[in-house]
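Below is one structure, written out as structure tokens; comments come after it.
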Amino acid sequence: MRRALITGITGQDGSYLAELLLAKGYQVHGLVRRSSTAHAPRLAHIREALHLHHGDLADGNGLSRLIRQVMPHEVYNLGAQSHVHVSFDQPSYTADVTGAGVVRLLEAIRDTQESSGQEIRFYQASSSEMFGKVAETPQRETTPFHPRSPYGCAKVYAHHQTVNYRESYGLHASCGILFNHESPRRGETFVTRKIARAVAQIVAGKATHVRLGNLDAKRDWGFAGDYVQAMWLMLQQDEPWDYVVATGETHTVREFADLAFSHAGLRWQDHVIVDENLKRPAEVDLLLGDATTAREWLGWRPRVTFEALVHMMVDAELEVPSIA
């Protein structure tokens with residue numbers, strides 16, 4: 001039985017990845033911060049099948065002990081301070097966890113692999129936010145990085161460190177440069193979930209409007225359940241590499257809101273208030289990914305369309321399921 005360790009297992013991606021690995025017969029271990037243990041509804045339906053461990057990406061010694069204890073064949077690093085807007089308020093914390101935390105994890109893997117002789121394959125969750133002020137459109141693996149947030153800067157550092165450990169120590173370490181991926185399990189502070197929840201609250205008569213920031217920001221949005229398939233495929237390759245994972249389509253926040261509200265028979269113009277305080281100090285205007293390498297080398301393709309994704313998220317809020 002192959003063993004996998006997932007950091008950030010209580011998050012959106014972690015829960016979908018845990019489901020995928022369990023279905024493939026893995027023994028699945030998860031790193032959980034103490035503050036997250038009481039709030040893990042995404043894992044409730046599979047909790048008994050998981051092996052959860054207290055830990056933190058800020059604790060290098062703890063990570064080393066955990067790697068030696070679990071002896072995983074695969075490590076998926078999805079843990080991070082992952083909210084872009086919050087990273088402007090907490091830049092040092094974001095740099096420590098999202099950036100330096102990856103080095104701590106890589107060191108733990110390198111030490112354990114060298115002492116035990118067992119290969120440990122590593123996946124790093126890189127981000128389209130690394131491209132920031134884009135040098136070309138669409139963005140591909142060779143596009144230069146120009147991050148526009150503390151989160152993006154931390155992800156660039158983590159990405160380059162992963163490549164460095166691959167080239168310096170021969171680790172099977174791959175980076176997935178994932179563009180925006182959403183689901184009904186998305187955190188409530190992210191704009192897509194915020195819009196979907198607002199639609200349901202307005203339909204229920206519990207709210208009349210929602211405050212949003214830049215409606216013209218363009219993103220390449222896909223379904224998180226599709227994207228974790230790409231993560232797993234990367235670690236099944238003979239050689240490690242870095243891959244852009246994206247749909248190849250871009251849509252504005254306004255388009256997302258239009259589809260979400262119209263799905264419930266509403267006009268977004270009647271309920272959306274633009275709040276200047278919600279705009280970023282340095283905006284990322286356009287993200288559009290070219291996933292040709294993932295398509296040709298991994299055989300990966302997104303299955304859920306943009307419209308289906310929006311409808312899925314709104315329907316989940318209107319029906320209020322336990323977990324979609």
Side-chain angles (χ1 to χ4, degrees), residues 8-19 35-47 78 81-86 178-228 247 249-280 287 302-324:
I9 194 171
T10 61
Q12 168 189 254
D13 293 6
S15 66
Y16 281 114
L17 180 59
E19 287 177 350
S35 59
S36 299
T37 55
H39 307 285
R42 299 179 181 95
L43 301 179
H45 60 303
I46 56 174
R47 174 63 184 83
L78 312 183
Q81 189 304 99
S82 59
H83 198 285
V84 174
H85 197 278
V86 170
L178 271 57
F179 281 64
N180 293 66
H181 45 289
E182 318 296 319
S183 77
R185 303 181 192 179
R186 191 55 143 154
E188 295 178 5
T189 59
F190 289 84
V191 67
T192 51
R193 181 79 187 281
K194 185 177 181 180
I195 292 171
R197 279 177 56 80
V199 170
Q201 290 173 340
I202 292 169
V203 168
K206 297 179 179 179
T208 59
H209 63 270
V210 60
R211 294 181 178 275
L212 302 177
N214 183 10
L215 299 182
D216 296 316
K218 294 181 179 180
R219 295 293 183 269
D220 185 327
W221 275 301
F223 173 51
D226 288 343
Y227 284 36
V228 298
T247 68
E249 297 180 8
T250 190
H251 301 274
T252 62
V253 174
R254 181 181 285 102
E255 288 178 79
F256 194 104
D258 186 21
L259 274 175
F261 277 91
S262 63
H263 188 55
L266 302 171
R267 296 176 70 251
W268 71 268
Q269 296 93 332
D270 298 332
H271 303 284
V272 172
I273 296 175
V274 176
D275 187 340
E276 295 295 325
N277 293 323
L278 295 178
K279 294 184 178 181
R280 302 181 186 182
L287 292 175
R303 297 169 298 173
V304 178
T305 66
F306 174 69
E307 182 176 4
L309 173 64
V310 177
H311 291 175
M312 176 199 305
M313 295 182 68
V314 173
D315 288 342
E317 297 296 337
L318 292 172
E319 296 169 5
V320 195
S322 56
I323 261 300

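Between the CG atom of N180 and the OG1 atom of T192 there is a distance of 8.0 Å, given to the nearest 0.5 Å. One distance of note links NE2 of H311 with CG of L318; it measures 11.0 Å at 0.5 Å rounding. One distance of note links CZ of R254 with CD of Q269; it measures 9.0 Å at 0.5 Å rounding. With rounding to the nearest 0.5 Å, the separation of CG in L278 from CZ in R211 is 8.0 Å. Taken from CZ in R219 to OG1 in T252, the straight-line distance is 11.0 Å, to the nearest 0.5 Å. The NE2 atom of H271 lies 8.5 Å from the OG1 atom of T208; values are rounded to the nearest 0.5 Å.
The two residues G213 and V274 have their closest heavy-atom pair at O-CG1, 3.7 Å. Here the shortest heavy-atom pairing between A224 and D13 reads CB-OD1, 3.8 Å. The two atoms that bring M313 and S183 nearest to each other are CE-O, 3.2 Å, heavy atoms only. Here the closest heavy-atom approach between residue A198 and residue V210 is recorded as CB-CB, 3.6 Å. The shortest non-hydrogen separation linking A264 to V203 is CB-CG2, 3.9 Å. Between I46 and A18, the closest heavy-atom pair is CD1-CB, 3.8 Å.
Ion pairing between K206 and E317 fails under the 4.0 Å rule for side-chain N and carboxylate O.
Looking only at side-chain heavy atoms (C-beta outward), F261 and V272 come within less than 4.5 Å of each other. Here the side chains of W221 and V253 are in contact, with some heavy-atom distance below 4.5 Å. The shortest distance between side-chain heavy atoms of V314 and L259 does not fall below 4.5 Å. Within the 4.5 Å cutoff, the side chain of E182 has no heavy atoms near those of the M312 side chain. Taking the side chain as every heavy atom from C-beta outward, L212 and W268 never approach each other to under 4.5 Å. Inter-residue side-chain proximity for L287 and F179 is flagged as met; some heavy-atom pair is nearer than 4.5 Å.
Side-chain atoms of R193 come within 3.5 Å of backbone N or O of R186 as a donor-acceptor pair. With hydrogens and angles ignored, the 3.5 Å screen pairs no side-chain donor or acceptor of H181 with any backbone N or O of F223. R42 places a side-chain N or O within 3.5 Å of a backbone atom of T10 that can act as its donor or acceptor partner. A distance-only check finds no donor-acceptor pair linking the side chain of H263 to the backbone of V310 [under 3.5 Å]. Within the 3.5 Å criterion, the main-chain N or O of L309 finds no donor-acceptor partner in the side chain of E307.
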Run the numbers on E255 and K218 for salt bridge (Lys or Arg N to Asp or Glu O under 4.0 Å), then give the verdict.
CA-CA 9 Å; E255 288 178 79; K218 294 181 179 180; over 6 Å; no
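Aromatic ring pairs are classed by plane angle as parallel below 30°, tilted from 30° to 60° and perpendicular above 60°; the pair F306 and F256 is perpendicular.
By the side chain to side chain contact (heavy atoms under 4.5 Å, CB included) test, S262 is found to be paired with D258, residues two or more places apart in sequence or in another chain being considered.
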